[in-house]
Asker: 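Here it is: the structure, laid out below.
Every number for a ligand or one of its atoms is a count from 1 in the order of the listing. Bear in mind that the values here come from a model prediction, so they are computed numbers and not experimental data.
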Amino acid sequence: MKHIILSAALSFAGVSAYHHFGRQELSKWAPAGPNDFRGPCPMMNTLANHGFLPHDGRNFTKANAVYALSTAINFNTSLSELMWEQAIIANPGPNATFFTLDHLNRHNVLEHDAGMSRSDAFFGNNHVFNQTIFDETRQYWTAGILDAKQLANGKLARQITSRAYNPNYTFTATTEEFILGEVAAPIIVFGDMQAGTVNKSLVEYFFQNERLPSELGWTKKVNPVSLEDVIGVGNLIRNATSLLTPSSAAPHAKRWDLHAGFRF
Ligand code: HEM
Ligand SMILES: *[C@@H]1O[C@H](CO)[C@@H](O)[C@H](O)[C@H]1NC(C)=O
Ligand SMILES: *[C@@H]1O[C@H](CO)[C@@H](O)[C@H](O)[C@H]1NC(C)=O
Ligand SMILES: *[C@@H]1O[C@H](CO)[C@@H](O)[C@H](O)[C@H]1NC(C)=O
Ligand SMILES: *[C@@H]1O[C@H](CO)[C@@H](O)[C@H](O)[C@H]1NC(C)=O
Ligand SMILES: *[C@@H]1O[C@H](CO)[C@@H](O)[C@H](O)[C@H]1NC(C)=O
Ligand SMILES: *[C@@H]1O[C@H](CO)[C@@H](O)[C@H](O)[C@H]1NC(C)=O
Ligand SMILES: *[C@@H]1O[C@H](CO)[C@@H](O)[C@H](O)[C@H]1NC(C)=O
């Protein structure tokens, strides 16, 4: 979704809203300082690093989230509002009007096991980028252009590893819905939603640097990303998560043989 720093920066000139935390340019980026909060979401961390969200990782109000998601990655306002509304439960306080990146670290509220780039809470840190975990996921990213199948393979592998080695592995039907959106996110933000593909280099740069891959040529989508877009790409991943191939590709499967004899 991003590239060519100058043109990207110019496109922000049209955004006039005042934000006390400032620094709303793609070219501006700084990692978290010692007192800044960061969390398990590579995109929330990225937007804080750029200053589209408060750099200290605090005070993520609905207005601040809508501003950041719209300005940085051209998410439609109603989609951004919905995402924020679904996330506000991260703040355990009554009638909360904001959440912080530290709130997102609460295990099994939004954060969950078997992430693509974070270790399970059971093993210690559930929110800092973990190269070992990410490398495991990337083993299944077998081409320069990722598609739903490669992304789904990485997701499945992480679940198998977690279920095998984490005695406290927790993964509900709700987790599945969340993770489909997370696995789809790179295609939505950095890729081609129609083709269901994304350049692997952009995705690796994003995860490993927590920075928008402008210097690799990415620019944000021209048309606002809507809820329908997110659901559509999520369903591509859902479909690709099945380990079955279509029946027509295995014409002998219905023939009676020894294996079929075990079926009811
Ligand atoms: C209000 C907005 C958002 C909130 C509150 C949020 C929150 C979260 C949380 C809590 C996780 C951790 C889940 C886990 O345990 O793996 C997560 C993961 C993730 N988020 Fe977000 N997110 C938001 C928007 C986005 C957007 C716009 C993107 C687009 C790129 C994105 C990309 C991802 C990805 C790729 C992961 C998976 C990381 C991994 O598996 O290692 N998020 N998000
Ligand atoms: C939090 O952000 C809102 C804008 O959404 C702003 O009005 C408010 O002053 C901020 N609060 C703090 C403590 O920074
Ligand atoms: C939270 O909101 C509810 C419903 O609006 C209200 O009854 C309650 O008093 C509020 N609680 C606090 C602590 O503000
Ligand atoms: C990364 O995750 C692995 C597997 O859970 C864990 O053994 C290792 O300590 C983690 N590394 C860091 C730096 O947290
Ligand atoms: C362990 O599993 C329980 C039940 O699923 C869950 O509530 C808890 O948060 C998990 N703790 C860790 C550290 O994984
Ligand atoms: C992916 O993007 C990088 C950086 O812009 C570019 O060098 C590379 O050629 C692209 N890869 C493919 C397969 O198009
Ligand atoms: C945002 O998307 C919704 C559908 O999800 C649509 O009704 C609305 O018109 C869109 N708004 C903008 C500004 O694109
Ligand atoms: C669903 O997945 C199957 C098997 O991977 C694939 O052949 C088919 O084209 C997919 N359908 C859609 C709508 O993506």
Side-chain angles (χ1 to χ4, degrees), residues 1-2 38-48 52-53 57 60-62 64-70 72-91 98-131 133-134 136-138 151 154-155 158-159 162 166-172 174-175 177-191 198 202-203 206-208 210 212-213 218 220-221 223-234 237:
M1 314 213 265
K2 15 306 198 192
R38 290 295 180 268
C41 177
M43 182 55 83
M44 293 289 102
N45 290 351
T46 294
L47 296 180
F52 289 109
L53 283 166
F60 284 23
T61 60
K62 186 189 277 190
N64 289 344
V66 166
Y67 168 78
L69 292 171
S70 165
I73 60 175
N74 202 5
F75 271 33
N76 165 313
T77 299
S78 59
L79 171 62
S80 301
E81 287 175 345
L82 181 67
M83 293 182 78
W84 182 90
E85 284 156 13
Q86 290 183 341
I88 190 61
I89 56 164
N91 182 341
F98 68 90
F99 60 85
T100 72
L101 288 182
D102 192 50
H103 286 140
L104 298 185
N105 297 331
R106 296 171 65 214
H107 185 49
N108 284 334
V109 177
L110 299 171
E111 191 282 323
H112 54 72
D113 287 339
M116 291 183 275
S117 69
R118 268 65 177 171
S119 185
D120 289 0
F122 177 81
F123 297 115
N125 192 308
N126 70 348
H127 56 275
V128 169
F129 173 80
N130 184 313
Q131 189 72 55
I133 300 291
F134 188 54
E136 183 191 342
T137 301
R138 285 199 300 166
L151 288 161
K155 165 198 182 285
R158 286 288 303 128
Q159 284 179 261
S162 286
N166 174 358
N168 201 45
Y169 171 68
T170 302
F171 201 100
T172 66
T174 307
T175 313
E177 294 306 309
F178 260 91
I179 213 166
L180 289 173
E182 293 161 17
V183 174
I187 292 176
I188 295 164
V189 181
F190 306 118
V198 60
L202 302 188
V203 183
F206 162 68
F207 269 97
Q208 293 176 342
E210 297 198 333
L212 293 169
W218 171 87
K220 65 180 171 182
K221 293 267 180 296
N223 298 316
V225 175
S226 69
L227 177 61
E228 288 74 14
D229 293 328
V230 170
I231 291 171
V233 182
I237 305 293

Asker: Measure the distance from atom 5 (C) of ligand 1 to every protein heavy atom, then report the residue, atom name and distance (to 0.1 Å) of the closest one.
Answerer: Ala87 CB, 3.3 Å
Asker: If you have a sec, work out which protein heavy atom is nearest atom 32 (C) of ligand 1 and how many Å separate them, to one decimal?
Answerer: Ala185 CB, 3.8 Å
Asker: Please list the nearest protein heavy atom to atom 7 (O) of ligand 5 with its residue and the distance rounded to 0.1 Å.
Answerer: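 Ranked first by proximity to atom 7 (O) of ligand 5 is Asn108 ND2, 4.0 Å.
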Asker: Which residue supplies the protein heavy atom nearest to atom 14 (O) of ligand 7, what is that atom called, and how far is it?
Answerer: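 Going atom by atom, the protein heavy atom closest to atom 14 (O) of ligand 7 ends up being Asn76 ND2, 3.3 Å.
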Asker: Is Pro42 near ligand 1, meaning one of its heavy atoms is under 4.0 Å from it?
Answerer: yes
Asker: Would you check whether Thr137 reaches within less than 4.0 Å of ligand 1, judged by its heavy atoms?
Answerer: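 Per 4.0 Å heavy-atom rule, Thr137 does not contact ligand 1.
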Asker: Could you list the atoms of ligand 7 found under 4.0 angstrom from a heavy atom of Ser78?
Answerer: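 Numbered from 1, ligand 7 contributes 1 (C), 2 (O), 3 (C).
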Asker: For the pair Asn91 (side chain) and Phe98 (backbone), establish whether a donor and an acceptor sit closer than 3.5 Å, ignoring hydrogens and angles.
Answerer: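 Yes, because the side chain of Asn91 sits within donor-acceptor range (under 3.5 Å) of the backbone of Phe98.
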Asker: Is there a donor-acceptor pair under 3.5 Å between the side chain of Asn130 and the backbone N or O of Arg118?
Answerer: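 Flag not set: sc Asn130 to bb Arg118 has no pair under 3.5 Å.
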Asker: Would a 4.5 Å heavy-atom cut-off, applied to side chains only, mark Met43 and Leu212 as touching?
Answerer: yes
Asker: For the atom pair OG1 (Thr46) and CZ (Phe52), what is the distance rounded to the nearest 0.5 Å?
Answerer: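 Between atom OG1 of Thr46 and atom CZ of Phe52 there are 10.5 Å.
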Asker: If we only count N/O pairs under 3.5 Å, is Thr170 in contact with ligand 5?
Answerer: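 The answer is yes, given that Thr170 and ligand 5 share an N or O pair closer than 3.5 Å.
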Asker: Dump the intermediate steps for salt bridge (Lys or Arg N to Asp or Glu O under 4.0 Å) on Arg158 and Glu136, then the final yes or no.
Answerer: CA-CA 8 Å; Arg158 286 288 303 128; Glu136 183 191 342; 3.2 Å; yes
Asker: If you count the atoms of ligand 1 from 1 in the order shown, which ones are under 4.0 Å from a heavy atom of Pro40?
Answerer: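 So the answer, numbered in order with elements, is 10 (C), 12 (C).
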Asker: Within ligand 1, which atoms have a heavy atom of Gly115 less than 4.0 Å away?
Answerer: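 Numbered from 1, ligand 1 contributes 40 (O).
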Asker: With a 3.5 Å cut-off and no angle check, do the side chains of Thr100 and Asp102 form a donor-acceptor pair?
Answerer: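 Looking only at side-chain atoms, Asp102 and Thr100 do not form any donor-acceptor pair under 3.5 Å.
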Asker: Can you tell me how far OG1 of Thr137 sits from CZ of Phe207, rounded to the nearest 0.5 angstrom?
Answerer: 7.5 Å
Asker: Would you say the side chain of Val225 lies within less than 4.5 Å of the side chain of Leu79, judging by non-hydrogen atoms?
Answerer: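 A side-chain contact exists here, since the closest heavy-atom pair is under 4.5 Å.
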Asker: For Ile73, counting its heavy atoms only, list the atoms of ligand 1 lying under 4.0 Å from any of them.
Answerer: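 Counting from 1, the qualifying ligand atoms are 27 (C).
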Asker: So which bit of Asp113 gets within less than 4.0 Å of ligand 1, heavy atoms only: side chain, backbone, both or neither?
Answerer: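 Under 4.0 Å from ligand 1, Asp113 contributes no heavy atoms.
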Asker: Run the side-chain hydrogen bond (donor to acceptor under 3.5 Å, both in side chains) test on Asp120 and Ser162 for me, step by step, so that the C-alpha distance in whole Å, both residues' side-chain angles and the decisive distance to 0.1 Å come before the verdict.
Answerer: CA-CA 8 Å; Asp120 289 0; Ser162 286; 2.8 Å; yes
Asker: Among all protein heavy atoms in this structure, tell me which lies nearest to atom 15 (O) of ligand 1, with the distance rounded to 0.1 Å.
Answerer: His112 N, 2.7 Å
Asker: Looking only at protein heavy atoms, which one is nearest to atom 10 (C) of ligand 1, and how far off is it?
Answerer: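 For this ligand atom, the closest protein heavy atom is Leu110 CB, 3.6 Å.
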Asker: Can you find a non-hydrogen atom of Phe75 under 4.0 Å from ligand 1?
Answerer: yes
Asker: Around atom 39 (C) of ligand 1, find the nearest protein heavy atom and jot down its residue, atom name and distance.
Answerer: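 I find the closest protein heavy atom is Met116 N, 3.3 Å.
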Asker: Can you report which non-hydrogen protein atom sits closest to atom 22 (N) of ligand 1, along with the distance?
Answerer: Cys41 SG, 3.1 Å
Asker: Would you mind telling me if ligand 1 is within reach of the side chain of Ser117, the backbone, both or neither, using heavy atoms under 4.0 Å?
Answerer: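 For Ser117, the contact with ligand 1 is made by both the backbone and the side chain.
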Asker: Tell me if a side-chain donor or acceptor on Lys221 pairs with a main-chain N or O of Gly191 at a distance below 3.5 Å.
Answerer: yes
Asker: Could you tell me if the side chain of Thr175 sits less than 4.5 Å from the side chain of Asn108, heavy atoms only?
Answerer: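 A side-chain contact under 4.5 Å is absent here.
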Asker: To which protein heavy atom is atom 24 (C) of ligand 1 closest, and what is the distance rounded to 0.1 Å?
Answerer: Met83 CE, 3.4 Å
Asker: Show me which atoms of ligand 1 lie under 4.0 Å from any heavy atom of Glu111.
Answerer: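 Answer, ordered by atom number: 15 (O).
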Asker: Do Met43 and ligand 1 have an N or O pair less than 3.5 Å apart?
Answerer: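 No - when backbone and side-chain N and O of Met43 are compared with those of ligand 1, no distance drops under 3.5 Å.
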Asker: I need the nearest protein heavy-atom contact for atom 2 (O) of ligand 5: residue, atom name and distance, please.
Answerer: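 Heavy-atom neighbour on the protein nearest atom 2 (O) of ligand 5: Asn168 ND2, 2.6 Å.
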Asker: Is Leu104 close to Phe99 at the side-chain level, that is, under 4.5 Å between some pair of heavy atoms?
Answerer: yes
Asker: Specify whether Phe171 and His112 have parallel, tilted or perpendicular ring planes, treating 30° as the upper limit for parallel and 60° as the lower limit for perpendicular.
Answerer: perpendicular
Asker: Using protein heavy atoms only, decide if any is under 4.0 Å from atom 9 (O) of ligand 7.
Answerer: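 Answer no: nothing from the protein, no heavy atom, is under 4.0 Å.
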Asker: From the options Ile88, Leu47, Leu53, select the one residue that forms a side-chain contact (heavy atoms from CB on, under 4.5 Å) with Phe60.
Answerer: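 Single pass found, and it is Leu53.
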Asker: Any nitrogen or oxygen of Glu228, main chain or side chain, under 3.5 Å from a nitrogen or oxygen of ligand 7?
Answerer: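 The answer is yes, given that Glu228 and ligand 7 share an N or O pair closer than 3.5 Å.
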Asker: Hey, does Trp84 come in under 3.5 Å of ligand 1, counting only N/O atoms on both sides?
Answerer: no
Asker: Okay, side chain of Thr170, backbone of Asn168: is any donor-acceptor separation there less than 3.5 Å?
Answerer: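 Indeed, once roles are kept as given, a pair shorter than 3.5 Å links the two residues.
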Asker: Give me the residue, atom name and distance of the protein heavy atom closest to atom 3 (C) of ligand 1.
Answerer: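 Its nearest protein heavy-atom neighbour is Met44 CE, 3.6 Å.
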